[in-house]
Amino acid sequence: MKSFSLALVATQILSALGAKVEVQSSGGNATSGRQYGFLHEDINHSGDGGIYAELIRNRAFQYNEHYPLTLDGWFPVNGASLELRELDEPLSDVLPVSMKVSKGKNYRHGKIGFRNDGYWGMDVKKQKYKGSFWVKGDYKGNFEASLQSNNTNDVFGAVKVKSNARKDEWVEHKFELTPWENAPTSNNTFVLQFDPKGVKGDLDFNLISLFPPTFKDRENGLRKDIAESLYELHPSILRIPGGNMLEGLDNKTWWDWKDTLYPLRYRKGFPGVWGYQQTYGLGMMEYLWWAEDMDLELVVGVYAGLSMDGSITPEDELQQFIDDALDQIEFLKGGVDTKWGARRAELGHPEPVDLHFVEIGNEDWYAGGQAGWDSYKEYRLPRFIEAISAAWPELTIIASGTHTDRDGIDLPEGIYGDYHPYKMPDVLVEEFDRFDNDGPHIVGEVAATHVNGGIGWEGSLYYFPWWIGTVGEAVSMIGYERNADRVFATFYAPILRNMNFWNWSVTLVQFDAWTVTRSTSWYLWELFAFHPMSHTLPATEDFGPVYYVAGKNEDQGSFIWKGACYNTTNGADQPVSVKFDGVQEGTKASLTMLTNSVSDPMRWNDPYNHTNIVDRSTVVLSANKDGAFEFEMPELSIAVLDTDYKKEACRNKKAKQKRRSVEQPFAA
Ligand SMILES: *[C@@H]1O[C@H](CO)[C@@H](O)[C@H](O)[C@H]1NC(C)=O
Ligand SMILES: *[C@@H]1O[C@H](CO)[C@@H](O)[C@H](O)[C@H]1NC(C)=O
Ligand SMILES: *[C@@H]1O[C@H](CO)[C@@H](O)[C@H](O)[C@H]1NC(C)=O
Ligand SMILES: *[C@@H]1O[C@H](CO)[C@@H](O)[C@H](O)[C@H]1NC(C)=O
Ligand SMILES: *[C@@H]1O[C@H](CO)[C@@H](O)[C@H](O)[C@H]1NC(C)=O
Ligand SMILES: *[C@@H]1O[C@H](CO)[C@@H](O)[C@H](O)[C@H]1NC(C)=O
Ligand SMILES: *[C@@H]1O[C@H](CO)[C@@H](O)[C@H](O)[C@H]1NC(C)=O
Ligand SMILES: *[C@@H]1O[C@H](CO)[C@@H](O)[C@H](O)[C@H]1NC(C)=O
């Protein structure tokens, strides 16, 4: 960890450069206390193959009119023949196709079976995996489940599973498998074999599943290292179920929460909007557990009659979707004496969810063009508002756009807007005052995505979050937090990028089958969320090149100042003085600063070599005789000053331990 230069500066030069901030002891605005979070979208295998911990790809041969039936992911073992077929008695109505496994032309002797290479490999180490598969057919003997290298003959672990298979019935087999050694790479496969001599007739398989230990040990849960990289951001709010994903490809295949409430055997899957079939494994209940396990408040998006193909539900057909949204809210908020509340209880969650926010649709100004937006303003949004506020007057309703989208929208009294800036860093900085004179909003998706001087949205996204982009985000987040009475919460989006399958490049976290890399922006979001304010405090308003917000955390009784320094004249360091009204000489505060260790604003944290270019350093300052804290901010830096000066030391200790386990998955 490098340290930045800490110079004590004479107050005279402060008027010429940097910022001299005087913070009043009262006034300002209460924050929601739920300021930072993220949107999860299963964009290019960040759900299935990403945070959803299932290791087997194409586990149930799901398909639909958008994605054909396929044997992707599956390979025969020892001369077996694999054949997809529809039996008269399928595993379930929604999983009609299974895999027949028999002796193929090249079979000589020994056990046959199949292997699956997962989502571009599998992380195999000495830990307990839980597996299951369904089989139909008459087989006497053992199955053998193992984890093996896909490149060599190495077997890392194996277990025998006694067959209970029967001729006319689907029978589930469950097993646990603990490898005896760690695999040296992620190029591994799951293998299932059996002895064809014990089979009478045919053997068919379906819903073949394997989970490593999951985050907080949830069944059907989240991949631990990825979930931890999100949990350690100290998030407080989660927007689900994605953006475009909510809308679906068309109005027959939107993300239907009701279809996700069943055991996996009865989940038909979802035609993903990012180019692949999804399992529906990460369903409504899984989102609920996710939120609870990370202590996140939910913003739940409901389908509102617009899909990605631009189809718009006419007014006289809209009621079915309004009813569906009301069911969904009842599912979350209703008592166990309501129809859908009872269903939730049946699924293991009797207590109602403390839900406060429902969003109507997603980006309704986008997929359907002007006609989609017009229909939203004319009848879709009003009809949803009317029905939801009648049934649940205490809920806050969020519209899926704002007055700067297309020709704008006049949001009715009490209805929040949702703003989605995917911008160049310069534009995020220009928009620092975006909410100074506006109504209530969430910033439901934000990220610096395009480089300065480019053509913006029409151009390409940059490779990864990069330093100046991160600082641009910091400036915009400070702008939102200054207006915490109007901007209830801010969500990074999208958060996860699977390095083996993507086209949205800029995400908080990058991962593959066995590594996780935190971006430059991860360090910013973590730092700001680690120092929550319960309310802002009025302060001198003299912004640029240092942008800032000041406030107080009433629980800790501490004063907090967050700042970012963007494009100083000639790259000069900026003297900063922060004086909180009532703070005495000698009061201590921690100053945590993020800087760019490679002095190149265009660089990123590389997921191939895992270098972290972000320097984070903390010093403890004492207030001078005027009660002011004085320090310098280098060009393109981010800082948090907190009079709860011990807090940072605790975080750094914890984070260091966690990072070790994540970044060195195979340390002996
Ligand atoms: C929020 O704070 C700003 C300045 O600190 C002030 O102008 C505004 O009136 C406050 N809003 C509320 C609702 O108190
Ligand atoms: C596993 O091996 C097969 C060839 O047998 C190859 O097509 C596949 O890409 C490999 N998968 C991984 C993750 O290495
Ligand atoms: C995994 O196998 C692929 C080819 O299937 C190869 O390109 C890649 O380098 C291998 N990765 C490792 C970590 O061995
Ligand atoms: C579904 O989309 C089609 C095609 O755009 C449209 O004609 C139909 O009215 C829509 N139906 C519903 C219920 O939204
Ligand atoms: C998803 O990522 C793959 C691989 O990078 C890319 O080929 C594909 O176009 C992407 N699909 C969509 C719809 O984003
Ligand atoms: C993602 O890929 C799809 C298809 O390959 C393309 O149409 C879309 O524009 C891409 N999106 C971005 C943001 O690059
Ligand atoms: C800020 O500096 C960067 C170079 O670091 C430059 O690309 C960008 O255009 C500058 N922005 C403004 C508003 O001057
Ligand atoms: C890591 O990769 C980046 C390119 O993304 C490169 O600039 C940097 O020098 C590499 N660092 C190391 C330590 O290899």
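The basis for the numbers below is simple: all heavy atoms, side chains too, and nothing from hydrogens, waters or symmetry mates. Counting starts at 1 for both ligands and their atoms, following the listed order.
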Engineer: According to side chain to side chain donor-acceptor pair (under 3.5 Å), who are the partners of Tyr129, at least two apart in sequence or on a separate chain?
Structural biologist: Gln127

Engineer: Report, in ascending order of atom number, the atoms of ligand 2 lying under 4.0 Å from any heavy atom of Asn150.
Structural biologist: 1 (C), 2 (O), 3 (C), 8 (C), 10 (C), 11 (N), 12 (C), 14 (O)

Engineer: Side-chain donor-acceptor contacts of residues 72-83 below 3.5 Å, not counting sequence neighbours, with atom names and distances?
Structural biologist:
{"from": "Asp72", "atom 1": "OD1", "to": "Thr70", "atom 2": "OG1", "distance (Å)": "3.1"}
{"from": "Trp74", "atom 1": "NE1", "to": "Asn58", "atom 2": "O", "distance (Å)": "3.0"}
{"from": "Asn78", "atom 1": "ND2", "to": "His109", "atom 2": "O", "distance (Å)": "2.9"}
{"from": "Asn78", "atom 1": "ND2", "to": "Lys111", "atom 2": "O", "distance (Å)": "2.7"}

Engineer: Residues around ligand 8, heavy atom under 4.0 Å from any ligand atom, sorted by chain and number. Can you pull those?
Structural biologist: Arg603, Trp604, Asp606, Asn609, Thr611

Engineer: Is the closest heavy atom of Arg115 to ligand 2 under 4.0 Å?
Structural biologist: yes

Engineer: Are Phe464 and Thr517 side-chain neighbours, meaning at least one heavy-atom pair lies under 4.5 Å?
Structural biologist: no

Engineer: In the structure I gave you, are the side-chain heavy atoms of Pro465 and Trp522 within less than 4.5 Å of one another anywhere?
Structural biologist: no

Engineer: Can you list the atoms of ligand 2 that are under 4.0 Å from a heavy atom of Asp117?
Structural biologist: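 Ligand 2 atoms under the 4.0 Å threshold to Asp117: 1 (C), 8 (C), 9 (O), 10 (C), 11 (N), 12 (C), 13 (C).
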
Engineer: For the pair Met593 and Met633, evaluate side-chain contact (heavy atoms from CB on, under 4.5 Å) and give the outcome as yes or no after the intermediate values.
Structural biologist: CA-CA 8 Å; Met593 184 94 69; Met633 290 188 74; 4.3 Å; yes

Engineer: Find all atoms of ligand 2 within a distance of less than 4.0 Å from any non-hydrogen atom belonging to Gly121, and give their numbers and elements.
Structural biologist: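 Answer, ordered by atom number: 13 (C).
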
Engineer: Could an N or O of ligand 2 be found under 3.5 Å from any N or O of Trp120, whether backbone or side chain?
Structural biologist: no

Engineer: Where does Val429 meet ligand 7, judged by heavy-atom distances below 4.0 Å: at the side chain, the backbone, both, or neither?
Structural biologist: neither

Engineer: Is the number of heavy atoms from other residues, nucleotides or ligands within 6.0 Å of CG (Asn609) greater than 12?
Structural biologist: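 For Asn609, atom CG is crowded (more than 12 foreign heavy atoms under 6.0 Å).
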
Engineer: Quick one: do Asp204 and Arg85 make a salt bridge, cutoff under 4.0 Å?
Structural biologist: yes

Engineer: Can Glu232 and Arg518 be counted as an ion pair, charged N to O under 4.0 angstrom?
Structural biologist: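 Yes.
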
Engineer: Can you pull out every salt bridge (Lys or Arg N to Asp or Glu O under 4.0 Å) where at least one residue sits in residues 48-61? Sequence neighbours excluded, please.
Structural biologist: Glu54-Arg59, Arg57-Asp117

Engineer: Which atoms of ligand 7 have any heavy atom of Ile468 under 4.0 Å away?
Structural biologist: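 Result: 3 (C), 5 (O).
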
Engineer: Asp426 heavy atoms, cut-off 4.0 Å: which ligand 7 atoms fall inside?
Structural biologist: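 Once the distances to Asp426 are compared, the set is 1 (C), 8 (C), 9 (O), 10 (C), 11 (N), 12 (C), 13 (C).
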
Engineer: So does Arg482 pair up with Asp436, basic N to acidic O under 4.0 Å?
Structural biologist: yes

